[in-house]
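What follows is one structure encoded as structure tokens, with my remarks underneath.
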Amino acid sequence: MSSNYHPIGVFDSGYGGLTVLKEIVSTLPQYDFVYLGDNARTPYGTRSFNVVYEYTLEAVRKLFDMGCHLIILACNTASAKALRNIQQLDLPKIAPDRRVLGVIRPSVEEASEITRNGHVGVLGTNGTVSSESYPVELEKWSDGKVKLTTQQACPMWVPIVENNKMGTEGADYFIKNDLQELFKKDAEIDSLILGCTHYPLLIESIRKFMPKSDVQIIEQGKIVASKLADYLQRHPEIEQVCSKESSINYFTTEQANLFDARAKHFMGQEVKVRHLHF
Ligand code: DGL
């Protein structure tokens, strides 16, 4: 690859980050992108803090080796468990002029803006929920607007997506159940963060089983894309390094042929992935 190739890296434990990549590419089509899915080790949501940190740092290093100066962790679990350490401990040592951003802060800003009654719900993996990142960040950034954050872990949802079981009876059972559990804890929720990038792929069932009709659902793709555009404007030192040939390269730690067909479905275009060994 040429020494001028500096794509924006987008990382997820599996396919979920494609929901973010798709929106970023549609907002910022001029840039080069590289997507890395750690499909061989998904899900991250049930793994310990140290393991998620270790896996995410490995992926970040790989993306740096590929020429990325800017990486989006399009994974809430990695954003919750690894981002702070990477930003504060690793970047100053391994790449002080490069940046790694997450998806939690943009979602928190959006929820703070749109909630009418201050009751926010968060659906996420076990890892994201137990990290308490959302309640902590909502309290910190909402200026008192968010009064109550209620979380529900949905451990079956990522495996449903990774195994292509969306829309099945089994999938719907878990989606209905987890939504009911959330609203049992707080019936007044008016804004709901889909705090896992896999979840937009389940949106039809989520809408079908939403116990209330007036809940505003926050999907992260569009929000992260518009915040990234804003970030690039505010950080010309990073923006100028990013190469602009409108290419997308895909990498997976799993078998390439499995990824291609699934990713084509998500991205709406032909995808040619390459296998990457850690
Ligand atoms: N897409 C990841 C997230 O946003 C899924 C994590 C997992 O692999 O469990 O949290």
Side-chain angles (χ1 to χ4, degrees), residues 9-24 35-60 71-84 86 100-108 110-111 121-135 137 151-166 171 174-175 178 192-203 206 217-225 227-228 250-254 258-259 262-263 266-267 278:
V10 178
F11 169 71
D12 182 42
S13 63
Y15 295 113
L18 291 170
T19 62
V20 176
L21 176 70
K22 190 175 179 183
E23 298 296 341
I24 294 179
Y35 184 85
L36 172 56
D38 191 7
N39 300 76
R41 303 191 292 197
T42 197
Y44 279 15
T46 44
R47 297 186 191 277
S48 67
F49 182 95
N50 282 344
V51 170
V52 173
Y53 172 41
E54 181 197 322
Y55 287 0
T56 307
L57 183 57
E58 264 179 351
V60 164
I71 296 171
I72 311 299
L73 300 184
C75 174
N76 290 264
T77 313
S79 300
K81 292 189 162 190
L83 181 62
R84 187 183 298 249
I86 290 176
V100 181
L101 307 174
V103 289
I104 292 181
R105 178 82 180 272
S107 316
V108 160
E110 177 74 7
V122 178
L123 299 170
T125 64
N126 274 328
T128 300
V129 166
S130 63
S131 75
E132 295 281 330
S133 292
Y134 273 103
E137 298 286 310
Q151 305 191 93
Q152 177 66 33
C154 310
M156 294 306 291
W157 294 21
V158 170
I160 288 168
V161 172
E162 288 293 316
N163 293 290
N164 207 10
K165 297 291 180 211
M166 294 88 87
F174 288 107
I175 293 167
D178 289 332
L192 178 60
I193 299 174
L194 300 189
C196 173
T197 53
H198 282 68
Y199 297 175
L201 297 160
L202 300 166
I203 192 69
I206 294 172
I217 300 176
I218 300 170
E219 296 183 52
Q220 296 178 311
K222 281 202 172 66
I223 297 159
V224 172
K227 299 279 182 198
L228 176 60
Y250 296 87
F251 292 89
T252 177
T253 53
E254 245 302 342
L258 287 178
F259 189 96
R262 302 287 310 285
F266 298 143
M267 296 300 288
F278 276 179

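Counting starts at 1 for both ligands and their atoms, in listed order. Values below: every heavy atom of this structure, side chains too, minus hydrogens, waters and symmetry copies.
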Answer yes if the side chains of Gln220 and Thr197 hold a donor-acceptor pair under 3.5 Å, and no otherwise. no
I'd like to know if the side chain of Thr46 pairs up with that of Asn126 as donor and acceptor (distance under 3.5 Å, no hydrogens or angles considered). no
Using heavy atoms and a threshold below 4.0 Å, how should the contact between [X] and ligand 1 be classified: side chain, backbone, both, or neither?
{"X": "Asp12", "value": "side chain"}
{"X": "Thr42", "value": "side chain"}
{"X": "Thr125", "value": "side chain"}
{"X": "Ser13", "value": "side chain"}

Begin from the C-alpha positions of Val20 and Asp12 and carry the test side-chain contact (heavy atoms from CB on, under 4.5 Å) through to its verdict. CA-CA 10 Å; Val20 176; Asp12 182 42; over 6 Å; no
I want to check something: taking the side chain as every heavy atom from C-beta on, are Phe11 and Val100 in contact at a cut-off of under 4.5 Å? no
Verdict with supporting geometry, Tyr44 and Val158, side-chain contact (heavy atoms from CB on, under 4.5 Å): CA-CA 9 Å; Tyr44 279 15; Val158 170; over 6 Å; no
Cys75 touching ligand 1 at heavy-atom level, < 4.0 angstrom: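 Flag set, Cys75 near ligand 1.
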Give the residue, atom name and distance (to 0.1 Å) of the protein heavy atom nearest [atom].
{"atom": "atom 7 (C) of ligand 1", "value": "Tyr44 N, 3.1 Å"}
{"atom": "atom 5 (C) of ligand 1", "value": "His198 ND1, 3.4 Å"}
{"atom": "atom 3 (C) of ligand 1", "value": "Asn76 N, 3.2 Å"}
{"atom": "atom 6 (C) of ligand 1", "value": "Thr77 OG1, 3.3 Å"}

Please identify which of these residues, Val122, Ile193, Leu194, meets the side-chain contact (heavy atoms from CB on, under 4.5 Å) condition with Ser107. Ile193
Any Lys/Arg nitrogen of Glu58 or Arg41 sitting under 4.0 Å from an Asp/Glu carboxylate oxygen of the other? yes
What do you reckon, does Thr128 have a nitrogen or oxygen under 3.5 Å from a nitrogen or oxygen of ligand 1?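 Among all N and O atoms of Thr128, none is under 3.5 Å from an N or O of ligand 1.
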Provide the number and element of each atom of ligand 1 under 4.0 Å from a heavy atom of Gly45. 7 (C), 8 (O), 9 (O)
Can you name the closest pair of heavy atoms from Met166 and Val161 and give their distance? SD-CA, 3.7 Å
